[in-house]
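See below for the structure under consideration.
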Amino acid sequence: TKRFGVVVANDNINIVVKPGTIHAIVGENGAGKSTAMRIAYGFYTPDSGEILVDGQPREIKSPHDAIALGIGMVHQHFMLVEPMTVAENIVLGSEPGSALALDLRKAAAEIRKLSEEFKLAVNPHAPVEHLSVGQQQRVELLKALYRHARLLILDEPTAVLTPLEVEEFFTILRRMREQGKTVIIITHKLSEVLAISDEVTVMRDGKVVGRVQTKET
């Protein structure tokens with residue numbers, strides 16, 4: 001449960017996401033979808049309730065805690081520094097010690113390897129300001145993968161993409177699922193939910209009002 005003043009954004013909700021699946025969370029604006037996932041990522045702390053990761057109750061008080069548990073999140077508005085390269089953006093904030101001591105060559109090699117593994121087609125040395133919106137989103141995905149995310153939370157990820165980019169993006173998500181990653185996609189586009197997800201949680205007015213298997217829906 002999460003309140004903001006008199007508004008109950010999440011009212012005693014229970015969401016279960018199975019490993020190795022693509023799980024859609026759907027509902028109108030204001031249904032509480034993003035609030036629930038921001039709690040899972042440590043942006044907000046719940047007023048009551050608990051978060052279980054691999055069946056164990058865990059305290060997630062900050063995104064740092066979430067990342068340590070293998071949870072990554074790609075926001076609707078990307079958190080990238082445009083004049084910097086892809087590699088610099090991905091390493092930023094994830095490496096201990098001084099920024100000057102970073103081994104960017106080693107990081108770039110790791111990023112290239114991840115990019116090839118998931119067929120993301122991202123050049124680690126490209127300046128972010130020269131990339132399309134779709135490519136910038138892939139950089140955000142790479143940032144989470146570089147930090148060893150097993151669960152990726154994607155907030156309205158297709159809102160900024162062209163139809164062709166959506167197709168390519170879904171291919172990437174299916175590949176991630178094949179590699180054993182778990183994906184949560186927050187959306188209200190039902191055609192996309194049917195195209196990409198395994199299971200769906202439906203929210204309305206801060207409550208969970210339905211759970212369905214996509215193939216039976």
Side-chain angles (χ1 to χ4, degrees), residues 20-26 33-34 37-38 40-41 43 63-64 66-67 70-95 99 102-189 191-197:
T21 62
I22 297 176
H23 191 107
I25 300 183
V26 302
K33 310 182 296 292
S34 292
M37 291 303 104
R38 284 175 181 162
Y41 190 59
F43 258 152
H64 190 266
I67 289 163
I71 299 167
M73 186 165 185
V74 176
H75 304 275
Q76 217 171 340
H77 305 290
F78 306 147
M79 314 241 174
L80 299 172
V81 185
E82 293 208 333
M84 295 174 86
T85 66
V86 168
E88 287 165 342
N89 266 283
I90 287 171
V91 170
L92 196 67
S94 73
E95 298 290 336
L102 295 178
D103 185 349
L104 273 173
R105 195 176 314 153
K106 187 170 148 220
E110 170 74 7
I111 291 159
R112 199 178 288 282
K113 187 166 143 249
L114 282 168
S115 179
E116 285 167 6
E117 184 180 344
F118 294 99
K119 298 198 169 41
L120 293 168
V122 173
N123 173 7
H125 304 295
V128 162
E129 61 196 344
H130 295 165
L131 301 181
S132 70
V133 171
Q135 288 169 319
Q136 288 187 26
Q137 188 174 54
R138 293 176 188 195
V139 175
E140 287 281 18
L141 285 175
L142 272 171
K143 204 190 316 184
L145 293 168
Y146 182 78
R147 295 171 189 193
H148 307 296
R150 298 177 294 138
L151 168 69
L152 284 146
I153 301 167
L154 311 174
D155 192 358
E156 300 280 358
T158 64
V160 292
L161 302 180
T162 65
L164 179 63
E165 285 175 329
V166 170
E167 279 304 308
E168 292 171 350
F169 183 65
F170 283 179
T171 302
I172 290 164
L173 295 191
R174 291 186 187 104
R175 196 171 290 122
M176 287 183 172
R177 178 176 58 192
E178 282 164 20
Q179 303 266 18
K181 304 285 184 195
T182 306
V183 177
I184 297 176
I185 185 166
I186 303 169
T187 183
H188 47 246
K189 298 181 181 174
S191 59
E192 294 181 359
V193 171
L194 292 170
I196 191 69
S197 68

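Here the structure is a predicted model, which is why all the values come from computation and not from measurement. Numbers here are sequence positions counted from 1.
For Ser34, the side chain to side chain donor-acceptor pair (under 3.5 Å) partners are Asp155, not counting sequence neighbours. Annotation: side chain to side chain donor-acceptor pair (under 3.5 Å) contacts of Thr85 (sequence neighbours excluded): Glu88. The side-chain contact (heavy atoms from CB on, under 4.5 Å) test applied to Val81 returns Pro83, Met84, Asn89, Leu92, not counting sequence neighbours. Partners of Glu140 according to the salt bridge (Lys or Arg N to Asp or Glu O under 4.0 Å) rule, which considers only residues two or more places apart in sequence or in another chain, are Lys143. Taking His188 as the reference, Asn29, Glu156 meet the side-chain contact (heavy atoms from CB on, under 4.5 Å) condition, with sequence neighbours excluded. When the side chain to side chain donor-acceptor pair (under 3.5 Å) test is applied to Ser132, the partners found at least two apart in sequence or on another chain are Gln135. Taking Glu110 as the reference, nothing meets the side chain to side chain donor-acceptor pair (under 3.5 Å) condition, with sequence neighbours excluded. With sequence neighbours excluded, the residues satisfying ring pair (Phe, Tyr, Trp, His ring centres under 6.0 Å) with Phe43 are Tyr41, His75.
Looking at heavy atoms from C-beta onward, Val160 lies in side-chain contact with Phe78 at the 4.5 angstrom threshold. Residues Leu152 and Leu145 have side chains in contact (heavy-atom distance under 4.5 Å, counting atoms from C-beta outward).
A distance-only check finds a donor-acceptor pair linking the side chain of Gln137 to the backbone of Pro157 [under 3.5 Å]. A donor-acceptor pair under 3.5 Å is formed between the side chain of Thr182 and the backbone N or O of Gly20.
For the salt bridge (charged side-chain N to carboxylate O under 4.0 Å, His left out) condition, the pairs that include at least one residue of residues 169-183, sequence neighbours left out, are Arg177-Asp198. Residue pairs meeting the salt bridge (charged side-chain N to carboxylate O under 4.0 Å, His left out) criterion with at least one member in residues 159-169, sequence neighbours excluded, are Arg138-Glu168.
Between atom CD1 of residue Ile196 and atom OG1 of residue Thr187 there is a gap of 11.0 Å, rounded to the nearest 0.5 Å. Atom CG of Leu154 and atom CG of Leu141 lie 6.0 Å apart (nearest 0.5 Å). Rounding to the nearest 0.5 Å places CD1 of Ile22 at 8.5 Å from CZ of Phe170. Between the CZ atom in Arg147 and the CD1 atom in Ile90 there is a gap of 9.0 Å [rounded to 0.5 Å].
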>> Please evaluate residues Ile184 and Leu151 with respect to the criterion side-chain contact (heavy atoms from CB on, under 4.5 Å), reporting the C-alpha separation (whole Å), side-chain torsions for both, the decisive distance (0.1 Å), and the verdict.
In response: CA-CA 8 Å; Ile184 297 176; Leu151 168 69; 3.8 Å; yes

Can you give the donor-acceptor pairs under 3.5 Å from side chains of residues 111-128 to other protein atoms, not counting sequence neighbours?
unit_1: Ser115; atom_1: OG; unit_2: Ala121; atom_2: N; d: 3.3
unit_1: Ser115; atom_1: OG; unit_2: Val122; atom_2: N; d: 3.0
unit_1: Asn123; atom_1: OD1; unit_2: His125; atom_2: N; d: 2.9

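Met37 approaches Ile186 most closely through the heavy-atom pair CG-CD1, 3.5 Å.
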